[in-house]
Amino acid sequence: MRLQLTPDWPSDQDGAHRVQERLRPLVRNRPLPAPPRTLAGLDVAYEGGHGSAEDRVAAAVVVLDARTLEVVDRATAVGTAGFPYVPGLFAFRELPVLVAALEQLATTPDLLLCDGQGLAHPRRFGLACHLGVLTGLPTLGVAKTPLLGSWDEPGPFRGDSADVRDGGEVVARMLRTQDGVKPVTVSTGHLITLDDACAQVLAAAPRYRLPETTLPQPSAGGTPFADRLCRDALAAADRSGVPLS
DNA sequence: GCGACAG
DNA sequence: ATCTTGTCGC
């Protein structure tokens with residue numbers, strides 16, 4: 001798929017805030033038009049990883065058949081973060097390399113599962129919203145920890161959930177994807193509802209806490225996960241001295 | 001003012 | 001994110 005970063009890509013925090021404020025009104029939330037046939041899981045690995053703009057990054061995209069969760073496509077890209085880590089602006093570190101990886105894809109996924117927040121963001125425009133606007137595809141955010149908001153403890157079983165509220169508004173849902181595990185934070189990105197987002201995350205995580213695409217464990221049964229892929233891409237780039245973009 | 005803060 | 005041993009629990 002052919003993609004393009006916005007022309008006014010920011011170089012500082014004020015510029016980044018302006019980009020978020022400008023793009024936020026473009027987000028649309030509605031039910032998915034049809035059950036997605038393919039899901040793409042996205043992840044980024046860091047080297048250095050201390051939050052500086054110079055950190056080396058590698059992105060991986062794994063596209064799965066939504067029904068069988070089998071891999072149908074994959075892509076990776078390496079580069080430099082180019083932006084320091086600031087809570088609320090972390091999309092500016094990951095978007096360039098994620099877009100580069102998405103461009104390598106032979107197929108166009110029906111839904112993008114992003115590692116981080118969507119709506120549950122100080123300016124209501126987390127990574128998942130941003131990537132949705134850039135791609136025009138349905139997106140959702142699955143985060144391992146919330147960025148903001150308050151909620152009640154969800155029930156103990158898989159599928160139990162509790163709304164996350166911030167400023168009187170429901171911005172996410174704490175969702176238990178397996179019995180007894182710590183809940184994940186699910187929020188809408190673009191072209192999806194919170195109900196649909198939670199249903200998709202639950203369906204994509206039949207075995208572990210995180211979706212099959214984002215599992216931070218070595219592939220147990222030969223299933224490649226985005227996290228594993230991008231680490232390998234970073235290591236391969238180091239070995240051959242590939243120039244950073 | 002103080003603390004918290006996706007990856 | 002990343003650095004990392006042992007350890008608690010099913």
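Computed from a predicted model, the values in this text were never measured in an experiment.
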Select base, sugar-phosphate, or nothing to describe what A:His121 touches, counting heavy atoms under 4.0 Å on all strands. base
A:Thr107 and A:Asp73 side chains, donor-acceptor separation under 3.5 Å: yes
Classify A:Gly141 by what it touches in the nucleic acid, base, sugar-phosphate, or nothing, heavy-atom distance under 4.0 Å. nothing
When rounded to whole Å, the CG to P distance for the pair A:Asp55 and C:dA1 reads 13 Å
Select base, sugar-phosphate, or nothing to describe what A:Leu89 touches, counting heavy atoms under 4.0 Å on all strands. base
Tell me, yes or no, whether the heavy-atom count around A:Arg67 atom CZ, taken from other residues, nucleotides or ligands under 6.0 Å, exceeds 12. no
Report the nucleotide, chosen from C:dT2, B:dG7, B:dC5, that has the shortest atom-to-atom distance to any side-chain atom of A:Pro87. B:dC5
How would you label the contact of A:Leu127 with the nucleic acid (heavy atoms, under 4.0 Å): base, sugar-phosphate, or nothing? base
Phosphate OP1/OP2 of B:dA6 contacted by A:Tyr85 side-chain N/O (<4.0 Å): yes
Please confirm whether the shortest side-chain N or O distance from A:Lys144 to OP1 or OP2 of B:dG7 is below 4.0 Å. yes
Heavy atoms under 4.0 Å, any strand shown: does A:Pro122 hit a base, just sugar-phosphate, or nothing? nothing
Measure the distance from CZ on A:Arg56 to P on C:dT2 and round it to the nearest whole Å. 14 Å
Taking CG from A:Leu175 and P from B:dA6, how many angstroms apart are they, rounded to a whole number? 20 Å
Aromatic ring of A:Phe90 stacked on base six-ring of B:dA6, 5.5 Å, 30°: no
Would you confirm whether A:His190, through its side chain, and A:Cys129, through its main-chain N or O, come within 3.5 Å as a donor-acceptor pair? no
Here the distance between atom P of B:dC5 and atom NE2 of A:His50, to the nearest Å, is 19 Å
Once the angle between the rings of A:Phe92 and A:His130 is folded into 0 to 90°, is it parallel (under 30°), tilted (30 to 60°) or perpendicular (over 60°)? perpendicular
Within the structure, does a side-chain N or O atom of A:Thr145 lie under 4.0 Å from either OP1 or OP2 of B:dG7? yes
